[in-house]
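Hydrogens, waters and symmetry mates are skipped; everything else that's a heavy atom, side chains included, is used. Quick caveat: nothing in here was measured; it's all calculated off a predicted structure.
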2 protein chains.
Amino acid sequence: MRIGELASRAGVSVRSLRYYEEQGLITSTRSAGGQRTYTEDEVERVRFIQRLYAAGLSSRTVLELLPCVDSPSEQNADEAFERMVRERDRISRHIDELCQARDALDRLIDANRAHRASLTPH
Amino acid sequence: MRIGELASRAGVSVRSLRYYEEQGLITSTRSAGGQRTYTEDEVERVRFIQRLYAAGLSSRTVLELLPCVDSPSEQNADEAFERMVRERDRISRHIDELCQARDALDRLIDANRAHRASLTPH
DNA sequence: CTAAGACCTGACACTGACGTCAGATGCAAG
DNA sequence: CTTGCATCTGACGTCAGTGTCAGGTCTTAG
């Protein structure tokens, strides 16, 4: 499959895919004419990367994590493993922050709703 | 209180406070010499703003929300109210995303842990 | 063969929340 | 008064991921 199809199937832009490759997150083979060619597997890989991006991991961090994804048996996966656990914790903390922010908003929303109700009591 | 004290008490940089003021998120009175002066209340306000920032709201969005915070009775709070509800939902969706990413990491972590255990069985 | 559309590389633009620096001024202590 | 730290304004730098444009090439349908 060529880059356009991968882009639409994984839900990212063509530009992003080229950027991911530049960062070493994905690889491609090239056709005779020099165009990138991908296998089915790349779709899931890109989705996975997107998920980590959405969780606030940088491309560099994702890159450091990939050894764990690709082959859990690598010796150098030690660092990656530690990294993965740390990122997991960071995400947990971030979730807590978001919940706090949401709670704060909920309180505001309730306060405003109450005020509105008192204005139009019928 | 001057800007340095507010900064340390609210846990942000002096630069950030000037930026918030520039964006209209906080206000200050000025001393005779032109230095910013703040009341106790600003500490909480800055912490609140920080919380929304941490939740991914932009300064512009925070600005639109502030009418609800300052005076729930404003007529123009209608828009702000809608906005608040939308942001609340966005945060909820973001939390879901983060949980998914965390789950994905957890699966990876477990897979790696299992692999390690199988390498050093004793 | 040809036209159209997908793709290529390379480069610059942009956004947002700051960091950081320069050069000037305010303010409190000795 | 002076020394030194806090503060002032204004401006430019940063970072990361991506948009976008230019000018050229590949691929495929007709």
Can you check side-chain contact (heavy atoms from CB on, under 4.5 Å) on A:Met1 and A:Val43, steps first, answer last?
CA-CA 10 Å; A:Met1 127 186 48; A:Val43 179; 4.1 Å; yes
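- A parallel orientation is assigned to the rings of B:Tyr53 and B:Tyr20, their planes being inclined by less than 30° (bins at 30° and 60°).
- Rounded to whole Å, atom P of D:dG17 lies 11 Å from atom CD1 of A:Ile49.
- The stretch residues 58-66 of chain B touches DNA chain C through B:Ser58, B:Ser59, each having a heavy atom within less than 4.0 Å of the strand.
- Among residues at least two apart or in separate chains, salt bridge (Lys or Arg N to Asp or Glu O under 4.0 Å) pairs with a member in residues 31-40 of chain A are A:Arg9-A:Glu40, A:Glu21-A:Arg36.
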Residue pair B:Arg102, A:His94: steps toward the side-chain contact (heavy atoms from CB on, under 4.5 Å) verdict:
CA-CA 11 Å; B:Arg102 187 173 58 180; A:His94 194 184; over 6 Å; no
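- Under the 3.5 Å distance criterion, the side-chain polar atoms of B:Arg45 are matched with a main-chain donor or acceptor of B:Leu25.
- Side-chain atoms of A:Glu64 and A:Arg60, non-hydrogen and from C-beta on, do get closer than 4.5 Å to each other.
- Using a 4.0 Å cut-off, some side-chain N or O of B:Arg36 falls inside it from OP1 or OP2 of D:dC8.
- Between B:Ile26 and the options B:Asp41, B:Val46, B:Leu66, a side chain to side chain contact (heavy atoms under 4.5 Å, CB included) holds for only B:Val46.
- Taking atom CG of residue A:Leu17 and atom P of nucleotide C:dA6, one finds them 16 Å apart after rounding to whole Å.
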Dump every N/O contact between nucleotides 22-30 of chain C and the protein below 3.5 Å, one line per pair.
unit_1 : atom_1 : unit_2  : atom_2 : d
C:dC27 : OP1    : B:Ser31 : OG     : 3.4

Should B:Leu65 and B:Leu57 be marked as a side-chain contact (heavy atoms from CB on, under 4.5 Å) after you check the CA-CA gap, both sets of side-chain angles, and the distance that decides it?
CA-CA 10 Å; B:Leu65 256 52; B:Leu57 277 68; 3.7 Å; yes
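- Nucleotide C:dG16 holds its C1' atom 8 Å from the OH atom of B:Tyr53, rounded to whole Å.
- Salt bridge status for B:Glu87 with B:Arg83: present, with a side-chain N to carboxylate O gap under 4.0 Å.
- Taking atom CG of residue B:Leu6 and atom P of nucleotide D:dT7, one finds them 10 Å apart after rounding to whole Å.
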Which pairs, protein N/O on one side and nucleotides 10-13 of chain D N/O on the other, fall under 3.5 Å?
none

Passes side-chain contact (heavy atoms from CB on, under 4.5 Å), A:Val12 versus A:Tyr19? Steps please.
CA-CA 11 Å; A:Val12 303; A:Tyr19 178 74; over 6 Å; no
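- Between A:Arg47 and A:Glu44, at least one side-chain N (NZ, or NE/NH1/NH2) sits under 4.0 Å from a carboxylate O, which counts as a salt bridge.
- Across the protein-nucleic acid pair, A:Leu25 atom CG and D:dT18 atom P stand 10 Å apart, rounded to whole Å.
- Note that CD1 of A:Ile109 is 8.5 Å distant from CG of A:Asn112, once rounded to the nearest 0.5 Å.
- As a whole-Å value, the separation of A:Arg30 CZ from D:dC26 P is 13 Å.
- Projected onto DNA chain D by closest heavy-atom contact, A:Glu22 and B:Ile3 fall at different nucleotides, the more 5' of which corresponds to B:Ile3.
- Dashed line: the shortest gap from a side-chain N or O of A:Tyr19 to OP1 or OP2 of D:dG17 is under 4.0 Å.
- Listed by chain and number, the residues in a salt bridge (Lys or Arg N to Asp or Glu O under 4.0 Å) with A:Arg18 amount to none (sequence neighbours excluded).
- One can place CD of A:Glu21 at 16 Å from C1' of D:dT18, the figure rounded to the nearest angstrom.
- For DNA chain C, none of the residues of residues 91-98 of chain A falls under the heavy-atom distance limit of 4.0 Å.
- Nearest heavy atoms, B:Thr27 versus B:Glu42: O-OE1, 4.0 Å.
- Remark: A:Tyr20 is in phosphate contact with D:dT18, judged by side-chain N or O atoms under 4.0 Å from OP1 or OP2.
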